[in-house]
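Below is one structure, written out as structure tokens, with a few remarks after it.
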Amino acid sequence: MTKPVNLSTKIFLDSGDPQETKRALDTLGFLDGQTTNPTLVSKNPHITELKENGALTEETIWNEYRNVASEIHAVIPEGSISVEVYADDQTDYESMLEKGRELSRWFDGIFVKLPVTSVGLRVAETLVKEGVNINMTLCFSQEQAAAVHAATRGARRGQVYVSPFIGRLDDTGVRGLDLVENIVRMYGEWGSHVLVLGASIRNLEHLFGCFERKVDIVTVPIAMIEAWKAHGIENPLGEQDPSVLASIPFVDLKEKDFTAYDINHPLTDAGIGKFSSDWKNLFSK
Ligand code: G3P
């Protein structure tokens, strides 16, 4: 099967398991990339087994993560693969930068995920100048997306992704797809180099909603890829957003220095906390 011709959005798998990469590829007949994060890596069956045997340390876990990323890379050698730095509220610029540089050397074309925080944005500013591909994650507001654009000015188009988390916004009673729509509109008006990557996709409405909004990329769990296939892959457009959630209004933001935006969001902080605890749980006794 080939990709539907009317579908401009790239399809990534959201998973830390290379077996799921194979399943997604078999299911769709194509796969444009994969995103991982600490929580997803902690669910990888091999890593879970190592954890249960007490075989992981803070040092060895990174080798295991690298092996996972390399296995994914072997399945989709042309695919865009994102791997995430460790971050908590104590992580400073130097240590995040050092880890970002290390991850960027795992293999050519890899994307380094950084949180949309003031430290993450400063690291992004430095890394894009060094030619590193960046995926700015845990984005929950239009201001954060504006800051990503501003911090990475000068990057080539396709070098930087921003990942708004749709499902986690829905969880709080507001329509996550509206944020995606607002970012796509703002970036369109600005002629931005940043690609929008719809993340935290929990159902087909999210997936098809991203297609309708001409999102550049979506990252989709294996269960959603299989549900999409069951629904009918050849005609993905046509589902409607049920609209039971509160809308997020578009804000007419101006381009300015990235440090001038209000990038604080409680869901970003909560997301960092969850990634951090899932990661530490792998090697804590
Ligand atoms: O791509 C981000 C994703 O892994 C988060 O999904 O369902 O935990 O909000 P979720």
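Quick caveat, the model's predicted, so the values are computed rather than measured. Ligands are counted one by one from 1 in listed order, and the atoms in each one are counted from 1 as well.
Taking only nitrogen or oxygen atoms, main chain and side chain alike, Asn37 reaches within less than 3.5 Å of ligand 1. Of the polar atoms of Thr219, none of the N or O atoms is found under 3.5 Å from an N or O of ligand 1, judged by distance alone.
Classified by interplanar angle (parallel below 30°, tilted 30° to 60°, perpendicular above 60°), the ring pair Phe165/Phe275 is perpendicular.
By the 4.5 Å heavy-atom criterion applied to side chains, Ile76 and Leu25 are counted as neighbours.
Remark: ligand 1 atoms within the under-4.0 Å shell around heavy atoms of Phe165 are 2 (C), 5 (C). The atoms of ligand 1 that sit less than 4.0 Å from any heavy atom of Ala199 are 1 (O), 2 (C).
Comment: Glu125 does not engage Arg122 in a salt bridge, judged by the lack of any side-chain N to carboxylate O separation of less than 4.0 angstrom. Between Arg23 and Glu226 there is a salt bridge, since at least one side-chain N of the basic residue sits less than 4.0 Å from a carboxylate O of the acidic one.
A donor-acceptor contact closer than 3.5 angstrom is absent between the side chains of Arg213 and Asn182.
In Thr137, neither the side chain nor the backbone holds a heavy atom less than 4.0 Å from any atom of ligand 1.
Cation-pi check for Lys254 over Trp190 is not met; the charged atom does not lie both under 6.0 angstrom from the ring centroid and within 45 degrees of its normal. Judged by the 6.0 Å distance and 45° axis criteria, Arg185 is positioned over the aromatic ring of Phe250.
Here the protein heavy atom with the shortest distance to atom 8 (O) of ligand 1 is Arg168 NH2, 2.9 Å. Scanning the protein heavy atoms around atom 4 (O) of ligand 1, the nearest turns out to be Asp14 OD2, 2.7 Å. Ranking protein heavy atoms by distance to atom 7 (O) of ligand 1, first place goes to Arg202 NE, 2.7 Å. Protein heavy atom closest to atom 6 (O) of ligand 1, with residue, atom name and distance, is Ser200 CA, 3.6 Å.
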